[in-house]
Amino acid sequence: MIANTGKNSMFMDQLAALTGPLKKAKSPDWLARLREEGLVRFRTLGIPTVKDEEWKYTNLSALAGHRYALSAKSTLSPAQRKDVLARYCGKADVNIVFVNGALDKELSNFGRIPPPRGQRLPDGRESLPAAGVEISMLRDALLKDAVALKEIWAHYDPQKDPAFVALNKALTQEGIYIHVKDKIIANQLIHILHVTQADGEAIAMFPHTVIRLGKSSEAGVLETHVGLNDENIYLADPLTDVLLEENATLHYSKAQKESLNAYHVGSTRVWQTRDSTFNGFSLVAGASITRNNLDIVVNGEGAAAFLNGLYSVYKDQHVDNHTSVDHRAPNATSNQLYKGVLNDAARAVFNGKIFVRSIAQQTNSYQLNKNLLLGKECRVDTKPQLEIFADDVKCTHGATIGQFNEDEIFYLQARGVPRKIATRLLTQGFVDDVLNRLTRDFVREQVAQLVAPSLAVLEG
Amino acid sequence: MRKEETKILNEKMIEENVLTSRDYKYGFYTDIETDRIPKGLSEETIRLISRKKNEPAWMLEWRLKAYRHWLTMKEPHWPNFKYGPIDYQGVSYYNAPKKAGQGPKSIDEVDPELRKAFEKLGIPLGEQKRLSGVAVDAVFDSVSVGTTHQAELARQGVVFCSMSEAIRRHGDLVRKYMGSVVPYSDNFFAALNAAVFSDGSFCYIPKGVKCPLELSTYFRINAAESGQFERTLIVAEEGSYVSYLEGCTAPMRDENQLHAAVVELIAMDDAQIKYSTVQNWYSGDKEGLGGIYNFVTKRGKCLGRRSKISWTQVEAGAAITWKYPSCILQGDDSVGEFYSVALTNHRMQADTGTKMIHIGKKTTSTIVSKGISTDESNNNYRGLVKIMPSADGARNFSQCDSMLVGNKCSANTFPYIEVKNSTATLEHEASTSRINAEQVFYLKSRGLDMEAAISLIINGFCKEVFNELPMEFAVEAVRLLQMKLEGSVG
């Protein structure tokens, strides 16, 4: 199982060096134990290889071949800072900005010494979130809200953590804890932005986000990962934990456009209770290798999960989306649509699992994965998977892989549209089908802005 | 006119059989004198089998190579089912009815006991009582006891005989093609089969010949503490056509018996092979005691341009079914098809599906799989569609539907789709649901009882697959399903 040879061992060797500084930092005993557990777990698992069924189509040996430093300092120039602020930070939103893995207090309108509530910061943005929405650094929350956090993590058996969840646990330095209290509807979008610019040595980041929505509350969270320089090599291993209490609704979008040489291995774990709604969206437009794990446990009657995803990749990018929806309660629904556009020699992997336990009668579960192959050498491996133990259910999945219908292109050409533009238009239509499922304008614009470069290739 | 009469006769016979037993009508045991080698597996066993069959040296050499390779392999446990350890030394690898000897010279010389046994199974060996238009090779435990209609087939140049006879009489053909589709190193059970296979059927259809009869092999396991390891090889030369059927049953026993077969199909330019299976091995009792482990490797190679291989299977028996009839679509414009109905009841476990490997240009494949699980059974579809970089313009359509009856059973779908050529077009869809209550209500309100209503709906559910079966087998398949569903629904 462990193939600690060659490149793999190079990564494993430096683990000790990476954990060193963390050990010195002050942390409660139970947290230190959690870290140690994560480390031991990761060491036993090692970096997954293609022999591992879950990693059959994604080879991480390139990732393991680098030496990473933990948290480099922010190297953003004033111009870059201005640009980040203008391009990614909505004026009316709560912005939590991390640069190279560390919180940037100036770019964030959170964590700064706040002016009185309701007043504006000098740069014209609103200050801290409205009452009822608590946002704190994970390290503070670990001291203050340990009980609440432990409650969220108690749903998962650390002995079964996948490798990169364990690694995140072992090496997390910074994180955010968001708690929306009962019956609060948060109007402000909470935008967690991870900006990376690592011109020097390769760095590694392990941010951990924890979101808890109280009973009958509602909130929108956007988690963005952007790289400023496509040459940069770095590793991002974010982990997001979500707990939705009764009747809560979360609109959660993850948009990723890392550097074209970066590695992004992210995990999102969602625990849903009765009547809660998880409205998820995922964009992958960047990184050399991306792996997203989205695990949803539908643990309450009447809950609903929506998982929409878009990946648009070119050159020799590799994107791997793994989703898992585990229906453990009756009368719940889940609906998935993942669409992909592949150009050049890009590769996409999709694995969607739907489990329906024997108790989960009257489950409705749908899943569809559509792939558009535009490049000559692109490649798709898809594996939709149904495991059903209840009889009174409706579950379907589908997958398509193909190209544009020549007739459609001809139709546009006959009306004077050049072939390249016609392809671009049709692709846009293909993409908009998913994008339009994003209800918040700002989020849709952000996602459209991040996906644009990969679509512009079509006209080039 | 005569043909129709026999057809009616056949249906009547099948019906009578259905009526006489409600559970497993093939569960009887025939007490017959056998030539049996001691339990255990070693090089000596293999030499003994080879000697008994008077095989040429190259065959023994190949068996031994396979055996040595098998020793280096591990029993696979990746499928989605559990089975206890198999004691490979506790099996007798050769059980032949004594009087079968070196195989009877003509079908009329078959031992009357055997003939009676097959008649009871609904397979009359006498040519005058033949199933209309079907030539049968009857395999009893380790050997073929007789092949009907050989003379008639020989007139057209078609070779249809037992594998042992083929090795002796058509050595070059067998040597050329055996192992070319499923090499002995392919997997654990294929290696075991290559080492110890005792018989099977061989068909060779010469260039341009449309085989005038349906060819069929009937496999029967009779002896206790034994297994059945047969190999089937079908070669269809340029422009030829053959339709081949296979049926199987075994006595009811509390122990698990192993059936590890290998089937290889080769289709040259413009050739067509249609391979149908109605599998009804003993599946164990309600508690899951006993039954056959059906671990089979079936693969066809569309070697020539525009060749076509079509698999149709009705899997209704065996404690565990583990098989993936596959097509390697090597020739340009070749076609692969897979139609399957898998029904599981009691505690049966099935992990079955297909593999379509597209290598040639403009190759197309179709997969239609229907799974029905009842009681406490577990039914899995596992399939692979692989488009290689050379397969420009490849096309695949897959559909796998599962139906669940009762809430203790499970149905799983594991389709793997790997596309390495961007000009390929694939569609895959799968669904799992239970019988539509409205449809049941509609039928009941018109006077059908619950069982009849469900049976009718399931028949409709499987229609697409049954339509692909030859007439006689389609009738049998429908009855088989009805019989299996009896008592488990309602």
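Throughout, a chain's letter reflects where its sequence line sits, starting with A, and its residues are numbered from 1. A quick note: this is a predicted structure, and the numbers were derived from the prediction, not measured.
Taking SG of A:Cys395 as the reference point, atom CG of B:Leu404 lies at 9.0 Å (rounded to 0.5 Å). With rounding to the nearest 0.5 angstrom, the CG atom of A:Asp381 is 11.0 Å from the CD1 atom of B:Ile387. Note: A:Leu386 CG to B:Phe414 CZ = 9.5 Å, rounded to the nearest 0.5 Å.
For the set A:Ala399, A:Gly398, A:Ala390, the entry with the most heavy-atom pairs within less than 4.5 Å of chain B is A:Ala399. Chosen from A:Val393, A:Leu368, A:Asp392, A:Thr400, the residue pairing most often with chain B at heavy-atom distances under 4.5 Å is A:Asp392. Counting heavy-atom pairs under 4.5 Å between each of B:Ala430, B:Ser410, B:Ser431 and chain A puts B:Ala430 at the top. When each of B:Asp401, B:Val419, B:Thr425 is checked for heavy-atom pairs under 4.5 Å with chain A, B:Val419 comes out on top.
Of the atoms belonging to B:Asn421, it is backbone heavy atoms, and not side-chain ones, that fall under 4.5 Å from chain A. Contact of A:Gln367 with chain B is not made at all, since no heavy-atom distance falls under 4.5 Å. Contact annotation for A:Tyr366: neither backbone nor side-chain heavy atoms come within less than 4.5 Å of a heavy atom of chain B.
For the pair B:Ser422 (side chain) and A:Lys376 (backbone), a donor-acceptor distance under 3.5 Å is present. Under the 3.5 Å distance criterion, the side-chain polar atoms of A:Gln403 are matched with a main-chain donor or acceptor of B:Ala424.
Side-chain contact between B:Ile417 and A:Val380: absent, with no pair of heavy atoms (C-beta onward) separated by less than 4.5 Å. Side-chain contact check for A:Glu53 versus B:Trp78: every heavy-atom pair is 4.5 Å or farther apart. Counting only heavy atoms from C-beta outward, the side chains of A:Lys394 and B:Arg434 never approach each other to under 4.5 Å. For the pair A:Thr382 and B:Leu426, the minimum side-chain heavy-atom distance is 4.5 Å or more.
At most 12 heavy atoms of other shown residues, nucleotides or ligands fall within 6.0 angstrom of atom NZ in B:Lys355. Sparse packing is recorded around CD1 of A:Ile359, with 12 or fewer heavy atoms of other residues, nucleotides or ligands lying under 6.0 Å away. Annotation: B:Lys408, atom NZ; neighbour count of heavy atoms from other residues, nucleotides and ligands within 6.0 Å does not exceed 12.
With salt bridges taken as basic N to acidic carboxylate O contacts below 4.0 Å, one links B:Glu418 and A:Lys56.
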Requested in this report: Kindly determine whether A:His397 and B:His428 satisfy side chain to side chain contact (heavy atoms under 4.5 Å, CB included), including the steps that lead there.
Outcome: CA-CA 8 Å; A:His397 70 200; B:His428 169 94; 3.0 Å; yes
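Shortest non-hydrogen contact noted between B:Asn412 and A:Ile388 is OD1-N, 3.1 Å. Of all heavy-atom pairs between A:Pro384 and B:Pro415, the closest is O-CD, 2.5 Å.
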